[in-house]
Number of protein chains: 2
Amino acid sequence: MDALQEQTRDRLLEAAGEIFAEYGFQAATIRDICRRGKANVAAVNYYFGDKRALYIAAVERAHCNTAGLINVVWPEGWTPQQKLRVFIRQWLEQQLAEDLPSWHMRLMLREMADPTDACVKLVEAYIRPMAETLRGVIRELTPDDLAERQGWMIGFSIVSQCLFYKVHRPIAELLVGRDEYTHFNLPVIAEHITRFSLAALGQGAPVTATSSLEQMS
Amino acid sequence: MDALQEQTRDRLLEAAGEIFAEYGFQAATIRDICRRGKANVAAVNYYFGDKRALYIAAVERAHCNTAGLINVVWPEGWTPQQKLRVFIRQWLEQQLAEDLPSWHMRLMLREMADPTDACVKLVEAYIRPMAETLRGVIRELTPDDLAERQGWMIGFSIVSQCLFYKVHRPIAELLVGRDEYTHFNLPVIAEHITRFSLAALGQGAPVTATSSLEQMS
DNA sequence: AAGTGTATGAAACAATTGTTTTAATTCAAG
DNA sequence: CTTGAATTAAAACAATTGTTTCATACACTT
């Protein structure tokens with residue numbers, strides 16, 4: 001009975017995650033969610049109470065399926081530079097993947113741009129682990145006596161560059177032109193952010209040095 | 001007659017700008033706008049037709065009052081490093097000013113994060129001038145043969161760092177802790193972004209070098 | 001002063017929203 | 001087969017939304 005009856009509840013959660021991720025909490029309608037979840041509108045109240053509780057539940061459920069958002073265990077012998085490059089690349093891959101069935105990243109990005117009550121949970125479950133991973137890499141790349149505050153700011157500088165190409169993508173496209181923007185693909189962006197950030201930390205040549213960008217464009 | 005009758009229309013535009021900037025297009029209600037503008041709900045349809053036209057008009061009006069968002073004319077003899085420092089600082093000042101009567105920046109940021117029809121106009125009127133200013137500074141800071149595409153990405157890297165502390169401020173505050181975040185004030189952030197970016201361009205010491213940050217915290 | 005067109009105000013409309021109610025259905029246990 | 005709780009379905013409810021209607025007040029012209 002459990003396995004079968006819970007079907008509706010699960011379908012509702014899955015549908016809610018997708019719809020909320022796409023439209024945001026306010027713009028998403030219960031009727032849309034129920035249509036996608038093939039459930040009656042009353043099911044939301046029956047299983048969750050109200051819309052907000054459904055949202056929270058959807059966010060919490062997303063936690064479980066989030067194994068390996070960003071790889072936390074690095075292979076032996078990797079240099080911190082390599083780790084940073086992979087971190088940035090994985091972040092961008094998760095972020096720019098549109099077709100992926102994983103709407104988790106989109107939900108997270110939406111919550112990051114317009115936080116709600118679920119924000120605290122999302123930070124602790126999603127974001128802090130990633131932040132700790134990044135801070136570990138940064139510690140390897142910087143002097144031992146680096147102030148913790150500066151470590152945070154360096155992390156923000158790196159992540160903010162990645163986020164830009166998702167959050168403000170429409171503006172970037174308008175600025176550089178639609179055709180030209182097609183060249184701003186994942187490898188190009190990842191390489192630039194990596195080189196820019198490493199140079200800022202005194203690792204590697206300045207980002208303006210003759211690079212291998214031509215090969216990928 | 002004109003000067004007097006237009007009062008309502010003007011009050012409506014002013015109120016619309018504030019409300020839209022605070023709540024966004026969808027969440028803002030016509031009744032809220034009319035209450036603040038001391039006008040009847042029918043006034044919106046009478047003067048503008050519908051809600052969307054009011055929004056567009058409010059955005060367009062904001063253009064006029066935007067003289068000097070970021071200073072475009074630099075004093076003689078300034079080094080590009082100084083210019084970049086001032087650009088970043090001014091951007092952050094505009095961005096973090098909460099009490100300021102200028103809701104223009106907030107409206108712009110909202111449009112940047114969740115673009116609507118007015119996005120194109122906003123880009124051309126607001127953002128492109130600033131982008132050109134920044135690109136001019138970047139050109140001074142980089143080799144002459146720098147690819148245009150790379151110039152854009154460097155600009156994005158700089159601006160994205162500034163935007164982060166506005167768009168994702170709630171997350172940053174949760175991550176570092178509310179008390180600690182009080183130390184992330186404007187001078188500290190501006191100094192970090194400037195040094196980080198200059199170092200990335202091969203100008204100045206890496207951001208991790210002993211800095212003058214302690215003096216301001 | 002009468003008339004005219006503009007502007008305002010109160011009310012109503014139609015659509016959509018989250019939520020609740022109430023009845024029908026399902027399904028396992030006695 | 002009956003019973004009874006759990007689930008689903010349809011409808012209605014109450015509140016809010018953008019929008020419209022229509023009557024009134026006002027300013028200006030003739």
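Sequence lines set the chain letters: A, B, ... in the order given, protein chains first and strands last, and positions in each chain run from 1. Computed from a prediction, not measured in an experiment: that's the story for all the values here.
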Inset, instruction - Would you kindly give the CD1-to-C1' distance between B:I30 and C:dA11, to the nearest whole Å? - result: 16 Å

Legend entry - Nearest-nucleotide comparison on DNA chain D, the residue closer to the 5′ end among A:R31 and A:K38: A:K38

Legend entry - Between C:dA7 (P) and B:R11 (CZ): distance, integer Å: 13 Å

Legend entry - Residue whose closest nucleotide on DNA chain C lies nearer the 5' end, A:F25 versus B:Y46: B:Y46

Inset, instruction - Give a yes or no on whether a salt bridge exists between A:R36 and A:E14, defined as a side-chain N under 4.0 angstrom from a carboxylate O. - result: no

Inset, instruction - May I ask you to verify whether the side chain of B:N40 and the base of C:dA10 hold a donor-acceptor pair under 3.5 Å? - result: yes

Inset, instruction - Return the value, rounded to whole Å, for the distance between atom NZ of B:K51 and atom P of D:dT20. - result: 14 Å

Inset, instruction - May I ask you to say what B:A42 touches in the nucleic acid, namely base, sugar-phosphate or nothing, with a heavy-atom cut-off under 4.0 Å? - result: base

Inset, instruction - Whole angstrom is fine here: how far is it from CG in A:N45 over to P in D:dT8? - result: 14 Å

Legend entry - Pair A:E22 + A:R110: basic N to acidic O under 4.0 Å: no

Inset, instruction - Map A:V41 and B:V41 onto DNA chain C by nearest heavy atom, then report which one ends up closer to the 5' terminus. - result: B:V41

Inset, instruction - Could you check how far OH of A:Y55 sits from C1' of C:dT19, rounded to whole Å? - result: 21 Å

Inset, instruction - Please check if the side chain of A:E111 supplies one atom and the backbone of A:C119 the other of a donor-acceptor pair under 3.5 Å. - result: yes

Inset, instruction - Select base, sugar-phosphate, or nothing to describe what A:A28 touches, counting heavy atoms under 4.0 Å on all strands. - result: sugar-phosphate

Legend entry - Interatomic distance where CZ belongs to B:F48 and P belongs to D:dT20 [whole Å]: 15 Å

Legend entry - Short side-chain N/O contact to C:dT8 OP1/OP2 from B:T8, under 4.0 Å: yes

Inset, instruction - Calculate the interatomic distance between B:L12 atom CG and C:dG9 atom P; express it in whole Å. - result: 11 Å

Inset, instruction - Provide, to the nearest angstrom, the distance between the CD1 atom belonging to A:I33 and the P atom belonging to C:dT16. - result: 17 Å

Inset, instruction - Take the angle between the ring planes of A:F196 and B:F196 and call it parallel below 30°, perpendicular above 60°, tilted in between. - result: tilted

Legend entry - B:S157 and A:Q161 side chains, donor-acceptor separation under 3.5 Å: yes

Legend entry - Below 4.0 Å: OP1/OP2 of C:dT8 and any side-chain N or O of B:Y47: yes

